[in-house]
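So the structure is just underneath, and the comments pick up after that.
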Amino acid sequence: MSGSGTTASDDPLQIAVWRLRSRGCWTDAAALLAPHAASAGLTLQRASLLVERCLFTGAGWADAEDALRAAEAAARDDDERGAAACERGQLAYASTVLGVRDRADEARAALGRAAALLAPDAAGRPLLDFRRGLVAEHLADSAQAARAAYHRAHAGALAQGDTLLTSFTWRHLAALALRDGELAEARQGFTESLRIREELGYLIGTAPALAALADTEPEPEASRLRTEAARLFRLLGGVPTWLADQLAPPAPAA
């Protein structure tokens with residue numbers, strides 16, 4: 001598992017993991033992988049699930065750290081060590097951007113280590129490029145560097161057929177376009193991101209996609225999209241937690 005991609009296999013285990021993950025049941029998905037500690041790939045997949053849980057819920061940090069240490073210990077080659085370093089960087093990024101603990105330096109160092117370990121054509125390279133874009137945008141406030149990283153990630157995800165990662169790159173490129181006042185470009189990107197997530201059944205990511213698209217639409221469509229996003233947000237128990245402020249109803253006029 002790439003950390004933000006689906007599986008195309010007919011493996012019943014992977015199908016079950018995807019169904020749980022796509023509904024925000026990361027702990028249950030990780031539990032399915034726990035008996036497979038002998039597999040470095042599945043150990044890393046388990047860690048990536050628990051890292052993703054931290055970003056979406058702001059909880060479970062100790063479990064993610066334990067799983068990540070196990071993945072780092074199990075890594076046997078540069079690709080696996082690079083993928084583990086990429087997850088380490090993502091966990092540090094999540095801690096920083098959610099205000100849990102400032103680990104920005106650790107995030108940069110881990111992603112830099114991943115870049116040194118992963119070959120340019122490695123399967124994990126598009127995800128790494130995407131995460132370096134996140135750090136550039138949200139920790140370094142460098143829109144130019146973020147855009148370049150997202151474009152590399154987008155091209156790589158398309159080449160590798162990582163459809164869900166493509167939904168993430170569409171979304172973040174659209175957010176930068178919106179920031180620059182490019183409304184039509186932003187609307188296209190958010191629309192593509194939402195379409196992919198709905199087609200894949202990635203329920204946990206659909207509410208953010210709806211809310212993002214609403215920011216580019218006129219009324220009454222904007223309100224309809226936000227209402228649907230709020231419904232899904234409540235259905236999933238208030239996850240992702242960082243969406244709560246965006247979906248809060250406007251304060252009444254004084």
Side-chain angles (χ1 to χ4, degrees), residues 3-4 19-30 48-65 90-104 107 130-131 133-135 137-139 141 143 146 164 167-179 186-187 189-198 200-254:
S4 49
R19 286 175 176 168
L20 289 166
R21 177 195 176 202
S22 64
R23 289 158 177 77
C25 302
W26 297 280
T27 304
D28 293 337
S48 71
L49 286 167
L50 295 174
V51 169
E52 187 174 76
R53 175 193 175 202
C54 290
L55 182 61
F56 274 75
T57 68
W61 302 96
D63 289 342
E65 289 283 359
Q90 179 71 352
L91 185 64
Y93 163 78
S95 175
T96 306
V97 80
L98 294 179
V100 176
R101 182 160 63 90
D102 186 349
R103 298 170 61 179
F130 173 70
R131 289 175 171 174
L134 293 176
V135 168
E137 181 180 3
H138 298 292
L139 302 189
D141 195 26
L164 186 56
S167 88
F168 279 85
T169 53
W170 271 122
R171 170 177 163 78
H172 285 267
L173 285 167
L176 290 178
L178 185 61
R179 178 172 161 177
R187 183 181 294 119
F190 288 139
T191 299
E192 284 298 306
S193 179
L194 175 61
R195 177 188 62 78
I196 291 169
R197 292 178 180 197
E198 288 181 333
L200 293 177
Y202 187 56
L203 193 61
I204 198 68
T206 301
L210 286 163
L213 181 58
D215 289 340
T216 69
E217 295 285 359
E219 295 294 351
E221 180 64 7
S223 290
R224 185 193 70 79
L225 290 166
R226 289 192 183 95
T227 297
E228 178 61 12
R231 184 188 70 81
L232 281 174
F233 179 72
R234 292 191 298 270
L235 178 68
L236 293 166
V239 176
T241 54
W242 40 261
L243 194 59
D245 290 342
Q246 190 174 345
L247 294 177

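As the structure is a prediction and not an experimental result, all values here were calculated from the model.
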Query - Audit row: Tyr202, Ile196, side-chain contact (heavy atoms from CB on, under 4.5 Å) steps and yes/no - result: CA-CA 8 Å; Tyr202 187 56; Ile196 291 169; over 6 Å; no
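- Here the closest non-hydrogen pair linking Arg171 and Phe190 is O-CE2, 3.3 Å.
- The number of heavy atoms from other shown groups lying within 6.0 Å of CZ (Arg19) does not exceed 12.
- Rounding to the nearest 0.5 Å places CG of Leu134 at 9.0 Å from CZ of Phe168.
- Taking every heavy atom of both residues into account, Pro240 and Ile204 meet most closely at CD-O, 3.9 Å.
- Taking CH2 of Trp26 as the start and CZ of Arg53 as the end, the distance is 9.0 Å to the nearest 0.5 Å.
- A donor-acceptor contact shorter than 3.5 Å is absent between the side chain of Ser167 and the backbone of Ser193.
- Ser95 places no side-chain N or O within donor-acceptor distance of the main-chain N or O of Ala92, the cut-off being under 3.5 Å.
- When all heavy atoms are compared, the tightest approach of Thr206 to Leu232 is CG2-CD1, 3.7 Å.
- Under the 4.5 Å side-chain criterion, counting only non-hydrogen atoms from C-beta, Asp215 is in contact with Arg226.
- Of the possible polar contacts, none joining the Thr216 side chain to the Ala212 backbone as a donor-acceptor pair under 3.5 Å is found.
- Scanning both residues, Arg103 and Thr96, for their nearest heavy atoms gives N-OG1, 2.8 Å.
- Residues Gly58 and Leu98 approach most closely at CA-CD1, 3.9 Å, considering heavy atoms.
- For the atom pair OG1 of Thr227 and CG of Leu210, the computed distance is 10.5 Å after rounding to the nearest 0.5 Å.
- Looking at Leu164 and Arg197, their side chains come closer than 4.5 Å, going by heavy atoms from C-beta outward.
- With hydrogens and angles disregarded, a donor-acceptor distance shorter than 3.5 Å links the side chain of Glu219 to the backbone of Ser223.
- Atom CD of Glu217 sits about 6.0 Å away from atom CG of Leu225, to the nearest 0.5 Å.
- Taking the six-membered ring for Trp and thresholds of 30 and 60 degrees, Trp242 and Phe56 have ring planes inclined between 30 and 60 degrees apart.
- A salt bridge does not link Arg187 with Glu221: every distance from a Lys NZ or Arg NE/NH1/NH2 to an Asp or Glu carboxylate oxygen is 4.0 Å or more.
- How far CZ of Arg195 is from CG of Leu213: 13.0 Å, rounded to the nearest 0.5 Å.
- Taking all atoms of both residues into account, the shortest heavy-atom contact from Pro208 to Leu243 is N-CD2, 3.8 Å.
- In this structure, the side chain of Ser22 does not engage the main chain of Leu203 through any donor-acceptor pair within 3.5 Å.
- The line from OG1 of Thr241 to CG of Leu55 is 8.5 Å long, rounded to the nearest 0.5 Å.
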